[in-house]
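As a basis for the values below, the full set of heavy atoms in this structure was taken, side chains included, without hydrogen atoms, waters or symmetry mates. In this chain, numbering begins with 1 at the start of the sequence shown.
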Amino acid sequence: MTELSDIALMERITLRHTDALRGLYDRYGRIAFALAYRVVGEASAAEEVVQDAFETVWNKGHSFDASKGGNVRGWLLT
């Protein structure tokens, strides 16, 4: 099976496909945690930050616009 691109995952997330959110988490969850941990300095707080970020992706994924030159990884980690 071919791995979906970040853009394809975002398109599927806007259509409420939970497997797409899971795929995005599998791809970027660790790096998101590492970044959050560097910022907040505590594992449990970093986990909450990551959870909030992916909840935002789920609820506001439609606001990502690839035509503006951004990428999903940068948008997510911001």
Side-chain angles (χ1 to χ4, degrees):
M1 182 168 130
T2 304
E3 190 172 300
L4 295 174
S5 70
D6 290 352
I7 300 298
L9 287 173
M10 289 302 297
E11 289 170 353
R12 290 179 55 83
I13 288 168
T14 62
L15 297 172
R16 312 310 273 179
H17 290 265
T18 57
D19 63 318
L21 184 65
R22 199 171 309 115
L24 197 66
Y25 180 83
D26 288 347
R27 192 171 293 172
Y28 295 117
R30 294 183 82 186
I31 192 168
F33 176 82
L35 177 61
Y37 185 78
R38 270 187 281 170
V39 173
V40 299
E42 181 185 50
S44 62
E47 289 171 359
E48 282 189 45
V49 168
V50 173
Q51 181 178 348
D52 290 348
F54 279 92
E55 187 176 328
T56 298
V57 169
W58 181 252
N59 291 322
K60 297 186 180 187
H62 61 276
S63 68
F64 174 75
D65 186 356
S67 69
K68 292 184 179 178
N71 63 57
V72 173
R73 180 177 184 253
W75 180 76
L76 169 66
L77 298 177
T78 303

Rounded to the nearest 0.5 Å, the CZ atom of Arg73 sits from the OG1 atom of Thr78 at a distance of 10.0 Å

Looking only at heavy atoms, the pair that brings Trp75 and Met10 closest together is CZ3-CE, 3.5 Å

For Phe33 and Ala43, the nearest pair of non-hydrogen atoms, with its separation, is CE1-O, 3.6 Å

Closest non-hydrogen atoms of Leu9 and Ala20, given as atom of the first, atom of the second and distance, are O-CB, 3.5 Å

Using the rule given for side-chain contact (heavy atoms from CB on, under 4.5 Å), can you reason through Val49 versus Val39, listing the C-alpha separation, both sets of side-chain angles and the distance that settles it, and then say yes or no?
CA-CA 10 Å; Val49 168; Val39 173; over 6 Å; no

Nearest heavy-atom approach of Gly29 to Val50 is O-CG1, 4.4 Å

In short, side-chain hydrogen bond (donor to acceptor under 3.5 Å, both in side chains) pairs touching residues 4-25 with sequence neighbours left out are Asp6-Arg27, Asp6-Tyr28, Arg12-His17, Arg12-Asp19

Closest non-hydrogen contact found for Ile13 with Leu21 is CG1-N, 3.6 Å

Separation between CG (Leu76) and OG1 (Thr56), nearest 0.5 Å, reads 9.5 Å

